[in-house]
Chemist: 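So that we are looking at the same thing, I have put the structure below in structure tokens.
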Amino acid sequence: MSTIIARGGLWVVLLLALGCASALQEPPPVAELGDGGNRPGGAVGTPTEILAEADHAFALRPDPAQVARARSLFLEAAAVGEAPVGAYLGASRAIAWLVEHEPDGERRKELAIEGVQVGQWCGRLFPEVVECGYRLALAVGQQARERSSTAVDGLDVMVELLEGVIDADPELDFAGGHRVLAVLLLRAPGWPTGPGDPEIALEHARAAVEIAPDYPPNQLVLAEALAENGDQEAAVEVFQRGIDLAKTGNGGPEAADWLARAEKALADLL
């Protein structure tokens, strides 16, 4: 599933600790992102060569040490002049994964803030790349959970970013714009406190399934939306469909996580 819906109950936490800090602060220079260039085990070479090594390390997840190495390498590549957009997108993906698998709360917060900073630079340097906005939206959501004072502003930022993604490239990340916005609208507080709206969430969840029906997280979000709108029978059927898809391994290294969450959600519903 997307990072925004991992570690269930994100928006419940937000309701308990709504804050007023800005979700987007001025990020530090690219060279100071992450470990500020003091990254152990770094690669030597051109950005393309470093990216190849970073991609290889990231493909070895769920090994957290390899994902941490990938993060460092992606950031190292980004710090080199004229770095390609892949350095920023790769860093965003690796950081997001680490946030979801880091047991230490303070470290999760640091990584979540770092993810937002990387996303901001991605959007500034490559405004034409839709995925930069998408990755920033996901990072803002993680930051909102780990640093609750940014939650209120973060909701507005996420909605704007995700609506832009849907308009520009609805198929990105297997309909990720629709999928993540559906989750946000399901979990966020409703009017007048926030943008939460289960009925509109269901529309986005259905749109995601229409675009990419074989992607397990789309089915799982649709099931959650159906349940939230009172159609438990349909929700059970769709949850099972998502579980069956996840069991095929569709989605690669993330499939096992999706399967575990789907089975728990279905058990909770029954």
Side-chain angles (χ1 to χ4, degrees), residues 1-8 10 55 58-59 61-62 85-86 89-90 92-94 96-97 100 119 122 128-142 158-188 197-229 231 234-266 269:
M1 214 172 295
S2 67
T3 54
I4 194 64
I5 54 179
R7 294 181 181 273
L10 164 60
D55 285 333
F58 188 57
R61 62 194 187 282
V85 68
L89 295 177
S92 293
R93 298 187 192 105
W97 192 96
E100 299 308 320
C122 189
E128 74 286 358
V129 178
V130 179
E131 189 174 350
C132 287
Y134 176 62
R135 296 294 163 186
L136 178 57
L138 297 178
V140 168
Q142 289 184 312
M158 289 182 69
V159 169
E160 181 178 356
L161 288 168
L162 292 170
E163 287 178 344
V165 169
I166 291 168
D167 289 342
D169 188 357
E171 296 184 3
L172 176 68
D173 192 28
F174 304 96
H178 283 296
R179 180 177 62 254
V180 178
L181 186 53
V183 174
L184 186 155
L185 296 173
L186 285 170
R187 307 285 178 83
D197 190 320
E199 292 184 3
I200 297 179
L202 181 57
E203 294 176 8
H204 283 288
R206 284 178 167 149
V209 167
E210 182 176 351
I211 292 170
D214 294 332
Y215 190 60
N218 290 347
Q219 296 289 348
L220 303 180
V221 172
L222 175 58
E224 181 180 344
L226 287 166
E228 189 67 23
N229 281 275
D231 194 344
V236 170
E237 180 180 343
V238 177
F239 263 130
Q240 190 58 59
R241 188 180 308 143
I243 288 171
D244 292 342
L245 286 169
K247 284 181 177 178
T248 69
N250 189 3
E254 319 300 342
D257 280 349
W258 298 337
L259 179 59
R261 291 173 188 140
E263 290 178 336
K264 181 180 186 304
L266 179 58
L269 185 62

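All values below were derived from every heavy atom in this structure, side-chain atoms included, with hydrogens, water molecules and symmetry-related copies excluded. Numbers here are sequence positions counted from 1.
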Chemist: May I ask you to check whether over 12 heavy atoms, not counting those of E128, lie within 6.0 Å of atom CD?
Modeler: yes
Chemist: Could you report the tightest heavy-atom contact between C132 and L89, atom names first, then the distance?
Modeler: N-CD2, 4.0 Å
Chemist: Quick check: do R135 and D173 have side-chain heavy atoms less than 4.5 Å from each other?
Modeler: yes
Chemist: Looking only at non-hydrogen atoms, find the nearest pair between A227 and L269 and report the distance.
Modeler: CB-CD1, 3.9 Å
Chemist: Do any N or O atoms from the side chain of R61 and from the backbone of F58 form a donor-acceptor pair under 3.5 angstrom?
Modeler: yes
Chemist: Taking only Lys NZ, Arg NE, NH1 and NH2, and the carboxylate oxygens of Asp or Glu, determine whether E131 and R93 approach each other closer than 4.0 Å.
Modeler: yes
Chemist: Supply the atom-to-atom distance L222 CG to L202 CG, rounded to the nearest 0.5 angstrom.
Modeler: 6.5 Å
Chemist: For a quick test of reading the model, state the closest non-hydrogen atom pair linking L220 to G242 and the distance between them.
Modeler: CD2-CA, 3.8 Å
Chemist: How far does CG of L161 sit from CD1 of I166, to the nearest 0.5 angstrom?
Modeler: 11.0 Å
Chemist: What distance do L185 atom CG and E228 atom CD have between them, rounded to the nearest 0.5 Å?
Modeler: 11.5 Å
Chemist: Parallel, tilted or perpendicular: which one describes the rings of H204 and H178, with boundaries at 30° and 60°?
Modeler: tilted
Chemist: Is the side chain of Q219 donor-acceptor paired with the backbone N or O of P213 at a distance under 3.5 Å, no angle test?
Modeler: yes
Chemist: What is the minimum heavy-atom distance between A246 and P216, and which atoms define it?
Modeler: N-CG, 3.8 Å
Chemist: Verify, without hydrogens or angle tests, whether N218 (side chain) and R179 (backbone) share a donor-acceptor contact under 3.5 angstrom.
Modeler: no
Chemist: Drop me the distance from L138's CG to L162's CG, to the nearest 0.5 angstrom.
Modeler: 7.0 Å
Chemist: Determine the minimum heavy-atom distance between P198 and N229, stating which atoms define it.
Modeler: O-ND2, 3.0 Å
Chemist: Roughly how far, to the nearest 0.5 Å, is the CZ atom of R261 from the CZ atom of F239?
Modeler: 13.0 Å
Chemist: Decide, yes or no, whether a salt bridge links R241 with E237 under the criterion of side-chain N to carboxylate O below 4.0 Å.
Modeler: yes
Chemist: Using atom types as modelled and distance alone, determine if a side-chain donor or acceptor of Q142 lies under 3.5 Å from a backbone N or O of A96.
Modeler: yes
Chemist: Determine the minimum heavy-atom distance between A208 and A175, stating which atoms define it.
Modeler: CA-CB, 3.6 Å
